[in-house]
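Inspection log for the structure reproduced underneath, given as structure tokens.
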Amino acid sequence: MSESVRVRIAPSPTGFAHLGTASTALYNVLFARQKKGTFVLRIDDTDLERNRPEFEDLIYESLRWLALEWDEGPDKRGPYEPYRQSERLDIYKQEAARLINDGKAYRCYCTPEELEAERKQAQLEKRPYKYSRRCLTNPPEGRMVFAVRFNVPGGEVVFTDMVRGEMKFDADLIGDFIIVKSDGYPTYQFASPVDDSLMKMTHVIRGEEHLSNTPYQLMLIDALGYERPVAYAHMPLILAPDGAKLSKRKHPESNLMLFKDQGYLPEALINYLALLGWNPGTAQEIFTHDELLQTFSFERVQHAGARFDWEKLNWINGEYIRKLADEELARRLQPFVPNLDPATIERAIPPLKTRMHKLAQAVDYLDYLWTDPAPPALDAATAERVRAAINVLKDVPWEPEAIEAVLEGAVEESGVGKGKFYTPLRDIVTGKKVSLPIHYTLALLPKEVAMHRLQRATNPPD
RNA sequence: GGCCCCGUCGUCUAGCGGCCUAGGACGCAGCCCUCUCAAGGCUGAGAUCGCGGGUUCGAAUCCCGCCGGGGCUACCA
């Protein structure tokens, strides 16, 4: 038996917590738990320009909301601390120095302008660009500011991808890339493999955008004398409805906290995310966490990116809402209707349950309970029917069943259909054309309030 | 430009040479139920499997080319 599995996610705190982070985290958690391994959260905050500490908290909050808990991380103890890259700068400096000493990396004094010129020239000559290695072969004199470049050995880089099988890259096409920026911070391409190695990651599960980065990192791992991870897994990207990659900048709707705020259940989002890019090969669509653990495998993950489909998410979320026990649904609904007391929410659940695909919709059905809709104008015949309703409602026990019974009777008496009879009542009580069934609509309101609204509508102040 | 990944109904997908007159799910349409809106039940429309060549008795499934999409190629991650 080999060493136990260790995997990680390494989000960077450069904005809200992203849907893609949740997706990657899910696959990591699934794999870690299947293998009884360890799931690590590392914060890749080496982008001095864009990092903000509050974004780090958003990552914690979002991941915890989804119940994707990590075993080691910046806010926990662990054998490989610290788990925040900005606190590991000495390590990268030391490793970079080691590479320089070994002749495997070198200082580069080129300015951004000079590099840009090199690139332009290459483009002009229609030749694939690779850094000229000027600072390796003929470094300029008298400059102080430098970055560190990796002396790319070239050759063929081969590795195993659990999704796509054996991958082969020609590293001769890769130019010497920067591993330490002139501000002293490591680049992702450097810090990531260093930490993965030092933190003893056995598998690297991440988004497909990193597939082409893998040879860069593998060469570094080799040069540093580390052991390579046993395998990688590059997961299909989540695409926006228009087919473009879901990005933070272009797609603010990929903000995880927004899902929470709209009333998506975390377990439903997880279920949908699991199905995006993976399928069990059966017709099953709804999975408990345990079922996911049992059935998930990298052999069945998709190779192509998948568009995020809100309609399907809504359906799955509705399925989860309907499956929730009434008390549990009431509990989860509370934050969405803070004006209502728990008893009222609980009474609203039975008719409400089948009508929501996300919890925030409860507001549309229930806001008449804490607002006072303006009474509509009624013609004489309608007013007469409303009075008939008031009449039968007056002495009835204020329960949905009883209300329904007497109202049915009144409808019978009136000679018009239920639709014609109930629509004005609905309008008067809620101010809307859509509501819960009329007897529930009435029963949820205190009797005096309901009666007052009906009465007021039949006696307009003049 | 170079390298890499990918390409089946609108969307997510099943399919790994004959069981496919291409199956399922979401969405959509119709009907039933029904006081509105949902939920639920039933029925239906919807994919010449990106295109063109091969291989084969036989291809969505194998091979080649092309086209299309995405990713990487940054002193972003």
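Note on naming: letters A, B, ... go to the chains in the order of the sequence lines (proteins, then strands), and numbering restarts at 1 for each one.
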Sub-4.0 Å heavy-atom contacts from [range] onto RNA chain B, ordered by number:
range: residues 85-100 of chain A; value: none
range: residues 430-440 of chain A; value: A/Lys433, A/Val434, A/Ser435, A/Leu436, A/Pro437, A/Ile438, A/His439
range: residues 207-218 of chain A; value: A/Glu208, A/Glu209, A/His210, A/Leu211, A/Ser212, A/Asn213, A/Tyr216

Donor-acceptor list for residues 358-371 of chain A side chains, cut-off 3.5 Å, not counting sequence neighbours:
unit_1, atom_1, unit_2, atom_2, d
A/Lys358, NZ, A/Gln262, OE1, 3.1
A/Gln361, OE1, A/His357, N, 2.6
A/Gln361, OE1, A/Lys358, N, 3.1
A/Gln361, NE2, A/His357, NE2, 3.4
A/Asp367, OD1, A/Lys432, NZ, 2.8
A/Asp367, OD2, A/Lys432, NZ, 3.3
A/Tyr368, OH, A/Thr441, O, 2.6
A/Thr371, OG1, A/Asp367, O, 2.9

Using atom P of each nucleotide, how far apart are B/rA22 and B/rU56 to the nearest Å?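 Comparing P positions in B/rA22 and B/rU56 gives a spacing of 26 Å.
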In this structure, which one of A/Arg149, A/Arg133, A/Arg134 forms a salt bridge (Lys or Arg N to Asp or Glu O under 4.0 Å) with A/Asp176?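 So, applying the salt bridge (Lys or Arg N to Asp or Glu O under 4.0 Å) to A/Asp176 and each of A/Arg149, A/Arg133, A/Arg134, only A/Arg133 qualifies.
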In the strands shown, is B/rC19 matched to any nucleotide by a Watson-Crick or G-U wobble pair with both distances under 3.5 Å, and which?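 Pair assignment: B/rC19 / none.
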Salt bridge (charged side-chain N to carboxylate O under 4.0 Å, His left out) partners for [X], two or more places apart:
X: A/Arg300; answer: none
X: A/Glu412; answer: none
X: A/Glu285; answer: A/Lys312

Parallel, tilted or perpendicular: which fits the ring planes of A/Phe298 and A/Phe296, with parallel below 30° and perpendicular above 60°? perpendicular
For the pair A/Tyr272 and A/Phe308, name the ring-plane relationship: parallel under 30°, tilted 30 to 60°, perpendicular over 60°. perpendicular
Only counting residues at least two apart or in another chain, list the ones meeting ring-ring contact (aromatic ring centres under 6.0 Å, His included) with A/Tyr83.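 For A/Tyr83 there are no ring-ring contact (aromatic ring centres under 6.0 Å, His included) partners, ignoring immediate neighbours.
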How would you list, by chain and number, every residue that makes a ring-ring contact (aromatic ring centres under 6.0 Å, His included) with A/Phe421, sequence neighbours excluded?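 If we apply the ring-ring contact (aromatic ring centres under 6.0 Å, His included) test to A/Phe421, skipping adjacent residues, there are no hits.
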Once each nucleotide of nucleotides 40-45 of chain B is scored for protein heavy atoms under 4.0 Å, what B/S/- sequence comes out, 5' to 3'? S-----
Per-nt protein contacts along nucleotides 10-17 of chain B (heavy atom under 4.0 Å; B base, S backbone sugar-phosphate only, - none) come out as -BSSSS--
For a quick check, tell me whether the side chain of A/Thr354 and the base of B/rA38 share a donor-acceptor pair closer than 3.5 Å.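 Flag set: donor-acceptor pair detected.
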Tell me: CG of A/Asn314 to P of B/rC37, nearest whole Å?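 In whole Å, B/rC37 P and A/Asn314 CG are 19 Å from each other.
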Please work out if [X] contacts a base, only the sugar-phosphate, or nothing of the nucleic acid, heavy-atom cut-off 4.0 Å.
X: A/Thr187; result: sugar-phosphate
X: A/Thr46; result: sugar-phosphate
X: A/Cys110; result: base
X: A/Phe177; result: nothing

Please output the side-chain donor-acceptor pairs of residues 154-174 of chain A that fall under 3.5 Å, not counting sequence neighbours, one pair per line with the distance.
unit_1, atom_1, unit_2, atom_2, d
A/Asp161, OD1, A/Val163, N, 2.8
A/Asp161, OD1, A/Arg164, N, 2.9
A/Asp161, OD2, A/His234, N, 3.2
A/Asp161, OD2, A/His234, ND1, 2.7
A/Arg164, NH1, A/His234, O, 3.0
A/Arg164, NH2, A/Glu208, OE1, 3.1
A/Arg164, NH2, A/His303, O, 2.8
A/Asp170, OD1, A/Asp172, N, 3.0
A/Asp172, OD1, A/Gly155, N, 2.8

To the side chain of A/Arg355, which of B/rA74, B/rC76, B/rU36 is closest? B/rU36
